[in-house]
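Let me begin by presenting the structure, written as structure tokens, before commenting on it.
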Amino acid sequence: MNFNESDILQIQDKGLSTEEVNRQIEIFKRGNIKVDIQEAATIGNGISAISDEARTEYIRDFEHKKEGLDLLKFVPASGAATRMFKALHNFVAEFDPKEKELREYLDEKGDSSLQLFFTHIEKLPFYKDAVAAAKEDNSDFDELSNDEQKKLIAENVLYAKGLGLSDLPKGLVPFHKYDNVVVTAFEEHLYEAAKYAESKGVVKSHFTVGQSDKEKFEAEFDKVQSRVEEKTGSKFEITYSYQDPKTDTIAVDDENTPFRTEEGGMFFRPGGHGALIDNLNQQDADLIFVKNIDNVVTWSNLGDVVDYKKMLAGKLLELKAKAFCLIEKLQSSPSDEDVKEASTFLAEELFVKSLTGSESASELLEKLDRPLRICGMVKNEGEPGGGPFLVKDEEGEVSLQIIEGAQIDDDNPEQVKIVKESTHFNPVDIVCSVRKADGTTYDLDKYVDPNMSFIANKTKDGKPLKALERPGLWNGAMAKWNTVFVEVPVTTFNPVKTVADLLKESHQPLND
């Protein structure tokens, strides 16, 4: 692709090179590469089910060791709340209370989440504030019909004239209310982190945020800091980072040439959450807990969440200690017994199978000496999320991977059959070890599988385009990590994808 002078300046301003942009364009020409799934990971075949007794031991071991560890909670928090309120936006745009009743409109739409929203609207944490805003903006509010009031309340939930929740980052949307205290998803993450990521009285949390939102998060922490620290008895160290513009990707048209904006410039888009591997690469801790911003619960529902996070951490510490011991043996004149022990550990505990059946000490060392993650897996009950599979790579090696639907070859009946046999999904419940045996950290960029990037159809200014998303953070961006899957209960997974999810039991405080 030949770029003009203006294009080259634009590419350089992004911190990119023309070579990198051309590489991305070649991916569009090549198309998505589908993964080669061998089997669905199930209990006993890639997913471990931990007994109650073993879980107690892992929790005890973690609690015993955590004061000597650097702990960090890493939360991708740059997502906007727009999708969370999508149905409500449609409602405000479409519903006219002078033409039909709300009940009739809801029946026509058949949207169960929207029906739930209006049936239990009083239980939402921001309901009273939205009503107050609606009354302030409409002096005749109390004389209006119930349906007219509901529409005004919805408008004041969404737009800047009221609460403007739709324009906020998701982490700053009020999720819960305790008596008269309204708490955001961001604040709930701090309470939760204090339960398992506290060491020596300090809780360290890192949030990836939109560059324009950092001051909003800082202001929120200033507002809640004393409350959170008093309730938890801990001090908090909060850090932030942005998705680097150099991880943006070029968009193309149907001819696979750069999509042009109305001003004539090339159009770059954020490269998806997989770009956050660069942000994670800047962190240094013994254990890093990774969790999505919208997956929180109320204080009374934290029991299982905390216990299973500690269990995963304890399990990771056990595996890490074994791996480090074997790495040390393999680095210094290993015996045949040492080689056999390493091979067995890789096959039976990390599920990394030998291709030849007789790998050398150096080959085993290369496989062992990698970043390590342990991922909670929940029984699939219809929630969205990537699934755990045994996947063969281009070199013929089979390993455990988290695979999204877009990576599946839907035209291959055998692949579709394996997907239907899947029993679990990934709720983004991950504990990571990114330090080497010598205390330095791995360069995580070396463990990304670039072939797991993925092309999606989008629009800009009403025109179709093709967008390139980098390998997902827990998919291709961690594809070459050593990975362990452990079953966790569904009570640990409570995402808020739509505003109506806030009405689920796990998001309703007991005092309500």
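This chain uses plain numbering: 1 for the first residue, then up along the sequence. Both backbone and side-chain heavy atoms feed into the values below; hydrogens, waters and symmetry mates do not.
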Using 0.5 Å steps for rounding, measure from the [atom1] atom of [X] to the [atom2] atom of [Y].
| X | Y | atom1 | atom2 | answer |
| --- | --- | --- | --- | --- |
| L317 | S433 | CG | OG | 8.5 Å |
| S506 | D304 | OG | CG | 11.5 Å |
| K204 | S234 | NZ | OG | 13.0 Å |
| T492 | M311 | OG1 | CE | 9.0 Å |
| L330 | E341 | CG | CD | 9.0 Å |

Quiz prompt | Partner of F62 by side chain to side chain contact (heavy atoms under 4.5 Å, CB included), out of K309, K310, E57 | solution =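 Option passing the side chain to side chain contact (heavy atoms under 4.5 Å, CB included) with F62: K310.
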
Self-check item: Among V434, L312, T483, the one residue meeting side chain to side chain contact (heavy atoms under 4.5 Å, CB included) with R373
Solution: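 Going through the options one by one, the only one that passes is T483.
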
Practice problem: Go through I37 and L390 one step at a time and tell me if the side chain to side chain contact (heavy atoms under 4.5 Å, CB included) criterion holds. | Solution: CA-CA 6 Å; I37 295 171; L390 287 154; over 6 Å; no

Angle between ring planes, [X] versus [Y], binned at 30° and 60°: parallel, tilted or perpendicular?
| X | Y | result |
| --- | --- | --- |
| F74 | H206 | parallel |
| Y442 | Y447 | perpendicular |
| F289 | Y196 | tilted |

Quiz item: Looking only at side chains, do T208 and N279 share a donor and an acceptor under 3.5 Å apart?
Solution: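 Not at all, the side chains of T208 and N279 share no donor-acceptor pair under 3.5 Å.
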
Quiz item: Cut-off 3.5 Å, side chains only: do E237 and T239 have a donor facing an acceptor?
Solution: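 No donor-acceptor contact under 3.5 Å links the two side chains.
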
Quiz item: Taking only residues two or more places apart in sequence or in another chain, which ones pass ring-ring contact (aromatic ring centres under 6.0 Å, His included) with F389?
Solution: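 Partners of F389 by the ring-ring contact (aromatic ring centres under 6.0 Å, His included) criterion come out as none, since no residue qualifies.
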
Quiz item: Under the ring-ring contact (aromatic ring centres under 6.0 Å, His included) test, which residues partner H424, sequence neighbours left out?
Solution: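 So H424 forms no ring-ring contact (aromatic ring centres under 6.0 Å, His included) with any residue.
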
Self-check item: Passing option when E187 is tested against H176, Q225, R227 for side-chain hydrogen bond (donor to acceptor under 3.5 Å, both in side chains)
Solution: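 Only one option passes, and that is R227.
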
Practice problem: Establish, yes or no, whether a centroid distance under 6.0 Å links the rings of F425 and F493. | Solution: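 They qualify: ring centres under 6.0 Å apart.
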
Quiz item: Would K417 and E421 count as a salt bridge (charged side-chain N to carboxylate O under 4.0 Å, His left out) if you check the C-alpha gap in whole Å, the side-chain angles of each, and the deciding distance to 0.1 Å?
Solution: CA-CA 7 Å; K417 179 176 180 292; E421 292 167 353; 2.8 Å; yes

Quiz item: Counting only heavy atoms not in K235, do more than 12 fall under 6.0 Å of its NZ?
Solution: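 Open.
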
Enumerate donor-acceptor pairs with a distance under 3.5 Å from any side-chain N or O in residues 468-482 to protein atoms, sequence neighbours excluded.
| residue | atom | partner | partner atom | Å |
| --- | --- | --- | --- | --- |
| R470 | NE | T247 | O | 2.7 |
| N475 | ND2 | I402 | O | 2.9 |
| N482 | ND2 | K367 | O | 2.8 |

Quiz prompt | Intermediate values then yes/no, side chain to side chain contact (heavy atoms under 4.5 Å, CB included), N457 and K466 | solution = CA-CA 5 Å; N457 295 311; K466 292 193 287 187; 3.7 Å; yes

Quiz prompt | Cationic N near anionic O, under 4.0 Å, R435 to D70 | solution =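 Looking at D70 together with R435, the answer is yes, because their closest N to O distance falls below 4.0 Å.
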
